[in-house]
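Values below: every heavy atom of this structure, side chains too, minus hydrogens, waters and symmetry copies. A, B, ... follow the sequence lines: proteins, then strands. Residue 1 opens every chain.
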Number of protein chains: 2
Amino acid sequence: MSDLLRRLRARGWRLTAQRRVIAEVLDGEHVHYTADEVHARAVELLPEISRASVYNTLGELVTLGEVTEVNTDGRVRRYDPNAHEAHQHLVCSGCGAIRDVRLTDDPLSALPEGERFGFQVAQATVTYYGRCPACVAANAAPGPPVG
Amino acid sequence: MSDLLRRLRARGWRLTAQRRVIAEVLDGEHVHYTADEVHARAVELLPEISRASVYNTLGELVTLGEVTEVNTDGRVRRYDPNAHEAHQHLVCSGCGAIRDVRLTDDPLSALPEGERFGFQVAQATVTYYGRCPACVAANAAPGPPVG
DNA sequence: TCCTATATTGGACTCAGTCCAAGTCAAGAC
DNA sequence: GTCTTGACTTGGACTGAGTCCAATATAGGA
Ligand SMILES: [Mn+2]
Ligand SMILES: [Mn+2]
Ligand SMILES: [Zn+2]
Ligand SMILES: [Zn+2]
């Protein structure tokens, strides 16, 4: 059983076939699937699993902090199982490819006190946009940007 | 006539009543409206303006670089007329309030060469999340996060 | 094995955004 | 000022991600 399933059981989750399958789909590293991509892969393992269960489970995993929601294109939400290691994302504006990146400095330290306006600042997300080697080579047309 | 309208005319745009009204709505500083908010405000000035025209015009302004699309909640796109001054955003996770912030260092410099994976990195967006003074005082329930 | 709170399901629904064919009109030509 | 025309606008249909719900199924403790 995966670490994730073990932690969920410790939290009192019922280990249903649907949840096992979703955990298995999310098991890879550096994976950033949309809910429908998770569903498509889950269906291969458990044909009768519903979209609603995928949305339910992903939402619960986000609430528990086991999965992070990321949105790199301003359109679709993606689900990142690499939630226990702080990291940021590098996105290809040609093909949409996403890479995890680690920064040298905590991005919070780049926000001066005078720019905090009394907020209790808790978190920062940084997304880098550029062209991946394949898209630079292919000189592909840029896709929709959106930060 | 606003600077924006002058620039649009120089680019060969027809200055229709709809475009004038949208430019007027976007005229304020530090404004981050959704398309439907722009439409609601535009209707006050020109009751017959359509949603389609608002979407068309906002899309064109984004293409021209006169307006920046931002998405701070993973749901709705917002339109930022402050496109000529590089800045980042500070978002209240309680009430959704958005503030412009300026950083001391270019965020691109925080991404080490070894973390670029051959990408031609062109741009970075940074979003800070926290509680605004009003929400800290009210101890309001946190809204949906999403980076 | 039984019980039931918890989980799953299909389908209806919402809401942001896109698309389109038909009608309108800004602005240059005269 | 009028004409002309291609750019612009419009309502409404459509898409696709995400939410909601009442009916059904089941995990797991008793
Ligand atoms: Mn990631
Ligand atoms: Mn802004
Ligand atoms: Zn690429
Ligand atoms: Zn607030």
For this session: Output all residues satisfying side chain to side chain donor-acceptor pair (under 3.5 Å) with B:E60, sequence neighbours left out; order by chain, then residue number.
Result: B:R19
Seminar exercise, completed: From CG of B:D73 across to P of C:dA16 the rounded distance in Å is 11 Å
Seminar exercise, completed: Rounded to whole Å, CG of A:L8 lies from P of D:dG28 at a distance of 12 Å
Distances under 3.5 Å between protein N/O atoms and the N/O atoms of nucleotides 25-30 of chain C, please, pair by pair.
from   : atom 1 : to    : atom 2 : distance (Å)
C:dA27 : OP1    : B:L15 : N      : 2.8

Exercise. Does the side chain of B:R19 get closer than 4.0 angstrom to OP1 or OP2 of D:dC8 through an N or O atom?
Worked result: yes
For this session: Please give the angle, rounded to 10 degrees, between the axes at the start and the end of the helix from C:dT1-D:dA30 to C:dC30-D:dG1, where five pairs define each axis.
Result: 20°
For this session: Please report, rounded to the nearest Å, how far the P atom of D:dT19 is from the CG atom of A:L58.
Result: 10 Å
Exercise. Does the side chain of B:L111 reach to within under 4.5 Å of the side chain of A:L103, using non-hydrogen atoms?
Worked result: yes
For this session: With sequence neighbours left out, write down each residue that passes salt bridge (Lys or Arg N to Asp or Glu O under 4.0 Å) with B:R51, or none if nothing qualifies.
Result: B:D36
For nucleotides 9-11 of chain C, which of its nitrogen or oxygen atoms have a protein nitrogen or oxygen under 3.5 Å away, and what is each distance?
from  : atom 1 : to    : atom 2 : distance (Å)
C:dT9 : OP1    : A:Q18 : NE2    : 3.1
C:dT9 : OP1    : A:E48 : O      : 3.0
C:dT9 : OP2    : A:S50 : N      : 3.0
C:dT9 : OP2    : A:S50 : OG     : 3.0
C:dT9 : OP2    : A:S53 : OG     : 2.6

Exercise. Do B:E24 and B:S2 come close enough that some side-chain heavy atom pair is under 4.5 Å?
Worked result: no
Problem set entry | Partners meeting side-chain contact (heavy atoms from CB on, under 4.5 Å) with B:P133 (sequence neighbours left out) | A:F119
For this session: For A:E85, check salt bridge (Lys or Arg N to Asp or Glu O under 4.0 Å) against everything at least two apart and list the hits.
Result: A:R102
Problem set entry | Interatomic distance, A:E60 CD vs D:dT19 P [rounded to whole Å] | 12 Å
Seminar exercise, completed: side-chain contact (heavy atoms from CB on, under 4.5 Å) filter on A:A110, not counting sequence neighbours, yields B:Y128
Problem set entry | Separation of D:dA17 P from A:E69 CD (nearest whole Å) | 15 Å
Exercise. Under a 4.5 Å cut-off applied to non-hydrogen side-chain atoms, are B:T57 and B:Q18 in contact?
Worked result: no
Please table the atom pairs, donor to acceptor, closer than 3.5 Å between any side-chain atom in residues 39-48 of chain A and protein atoms at least two apart or in another chain.
from  : atom 1 : to    : atom 2 : distance (Å)
A:H39 : NE2    : A:I49 : O      : 3.0
A:R41 : NE     : A:Y33 : OH     : 3.2

Exercise. Got a sec, which residues hit salt bridge (Lys or Arg N to Asp or Glu O under 4.0 Å) with A:R99, two or more places apart in sequence or on another chain?
Worked result: none
For this session: Search all heavy atoms of B:Y79 against all heavy atoms of B:T34 and return the closest pair with its distance.
Result: CD1-C, 4.4 Å
Exercise. Hey, mind stepping through A:L90 and A:I98 against side chain to side chain contact (heavy atoms under 4.5 Å, CB included) and telling me if it holds?
Worked result: CA-CA 6 Å; A:L90 171 57; A:I98 303 176; over 6 Å; no
Seminar exercise, completed: Applying ring-ring contact (aromatic ring centres under 6.0 Å, His included) to A:H87 and not counting sequence neighbours gives A:H89
Exercise. Does A:Y55 make a side-chain N or O approach to OP1 or OP2 of D:dG18 shorter than 4.0 Å?
Worked result: yes
Exercise. Which residues, if any, of residues 31-42 of chain A bring a heavy atom under 4.0 Å of DNA chain C?
Worked result: none
